[in-house]
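Since the structure comes first, as structure tokens, the remarks are kept for the end.
Chain letters run A, B, ... following the sequence lines, proteins first, then strands; residues in each count from 1.
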Number of protein chains: 2
Amino acid sequence: MAKIVAERSDVTPVLAEIFREHGFEGASLSVISEKTGLGKGSLYHFFPGGKEEMATTVLRDIGQWFEEHVYLPLREAEDPRMAISAMCRSVADYFRSGRRVCLVGAFALDDVRDRFADQVRDYFAEWRAALATALEKAGNDPARAGELAEEAVIAIQGALVLGRALDDTAVFERALARVEGRLLAGKD
Amino acid sequence: MAKIVAERSDVTPVLAEIFREHGFEGASLSVISEKTGLGKGSLYHFFPGGKEEMATTVLRDIGQWFEEHVYLPLREAEDPRMAISAMCRSVADYFRSGRRVCLVGAFALDDVRDRFADQVRDYFAEWRAALATALEKAGNDPARAGELAEEAVIAIQGALVLGRALDDTAVFERALARVEGRLLAGKD
DNA sequence: TCAACTATGTTCCAATCGGTACAGCCAAGA
DNA sequence: TCTTGGCTGTACCGATTGGAACATAGTTGA
């Protein structure tokens, strides 16, 4: 058979979507094999550690994407208010207006959280910290910046839950608009 | 062997805790059998429909608890502001300050949402509606009441996610305090 | 007192699980 | 051209899955 893709980096986003859809336990090797188009042999060639290595790879991938597109722009922005707006756009894009689930959030609610505790914690801790940094640069005092940042992350995650529960993308869009407004206003 | 408990209603809360801890796919019959202390024979006597029936029973149980302790008091409160405060206390209790996960929220993020879509949707829809009713009675106009209610439910769910991800119960407590303050203030 | 019924533990089942072994395939370098 | 080594499909492994069957023990009503 011809060498078509054969790079871990090509398979990782597909794996991410599978884990998002089925969760860790629900993602069986057979559905992984089917949706990636890779036989078990290939899967274990790329991920000798099996499902666990697939999941950590996916989590690292997600972490890197957020670091590059969200955390770093927030931390190093010249105009923090513009960076915050940009974050909201990126997040809306990434989560497809709530149609897409946050894999890290889903893992956090599951008992697999324990197996990936470090990566799950870091994802949210860095998000909160980067947003707080931007909020401070926008003129909020440290305590207020931390509170606003935490509230924003909470609202985004909660909106993903509620939006999927009600099967209504408007929930997420409304929530994100509120988040942006409150972050930019800075007051209660 | 002696008849010890032998009621569905005795097993249901245990099942709920198992599903909360492991998710639907992760809750195998063997752990269910172990934690309930019931053999497979007994489990299938009480729940002929297998795991699916166990889950729907648990969801119905949760729905009834919230109807009785949260939704109904909110809808029929004489003093809506006191009812809102009572809701916050009930919720903090129920979720054990964030140490306990919202099973319905966890299901919403999983692909099992599709199998229990109606129960998942109703849980959140009724919560939002009951809270909005109380907020209207407290003097908010309907649009504002709906927005505040949605925001509160989102914040609670998001706080459960973030709290578990960071393994920090203070996250949930802070969030709930903010929710109560904002619901009672009524303004932005 | 004795059948009828309910609850329970044990056992078994086919299917599927995650994972391994391995033989061959292909493209590229020597 | 031949070799090499990364990739792939297939067959298979033991373990576990969700589920069903069944014999028996406890309870109950006649």
*asked:* Just the rounded figure in Å: distance from C1' of D:dG18 to CZ of B:F46.
replied: 19 Å
*Contact under 4.0 Å: A:Y44 side-chain N or O vs C:dG19 OP1/OP2*: yes
_If you compare every side-chain N and O of B:S28 against the phosphate oxygens of D:dT17 (OP1, OP2), does one of them come in below 4.0 Å?_
yes
*Can you tell me how far P of C:dG18 sits from CG of A:L38, to the nearest Å?*
16 Å
_Nearest-Å distance for atom pair CD1/P, residues B:I32 and D:dG18_ = 7 Å
*Are the side chains of A:L184 and A:S85 in touch, meaning some heavy atoms are under 4.5 Å apart?*
yes
*Verify the cluster assignment for B:V31 and B:Y44: are they in a single hydrophobic cluster under the rule of side-chain heavy atoms below 4.5 Å apart?*
yes
*Given atom NE2 of B:H22 and atom C1' of D:dT16, what is their separation to the nearest angstrom?*
15 Å
*Quick one: is B:S42 getting a side-chain N or O under 4.0 Å of the C:dG9 phosphate, OP1 or OP2?*
yes
*Nearest nucleotide by nearest heavy atom, which residue falls closer to the 5' end of DNA chain D, A:G37 or B:G49?*
A:G37
*What is the distance from CZ of A:F47 to P of C:dT20, rounded to the nearest Å?*
15 Å
*asked:* Any donor-acceptor pair, under 3.5 Å, between the side chain of A:K40 and the base of C:dG19, if you only look at N and O atoms?
replied: yes
*Within the structure, does a side-chain N or O atom of B:H45 lie under 4.0 Å from either OP1 or OP2 of C:dA7?*
yes
*Any side-chain N or O of B:S30 less than 4.0 Å from the OP1 or OP2 oxygen of D:dT17?*
yes
*Which pair of heavy atoms, one from B:A152 and one from B:L131, lies closest together, and at what distance?*
CB-CD2, 3.7 Å
*Contact class for B:G41 vs. all strands (heavy atom < 4.0 Å): base, sugar-phosphate, or nothing?*
base
*Figure out the CG/P separation between A:L29 and D:dT16, and round it to whole Å.*
16 Å
*Rounded to the nearest Å, what distance is computed from the CD atom of residue B:E34 to the P atom of nucleotide C:dT8?*
18 Å
*Separation of B:E25 atom CD from C:dT16 atom C1', in whole Å?*
12 Å
_Minimum-distance nucleotide to B:K51 side chain [options: C:dG18, D:dG19, C:dT8]_ = D:dG19
*Salt bridge between B:D110 and B:R113, side-chain N to carboxylate O under 4.0 Å?*
no
*Answer whether the closest heavy-atom distance between the side chains of A:M54 and A:T36 falls below 4.5 Å.*
no
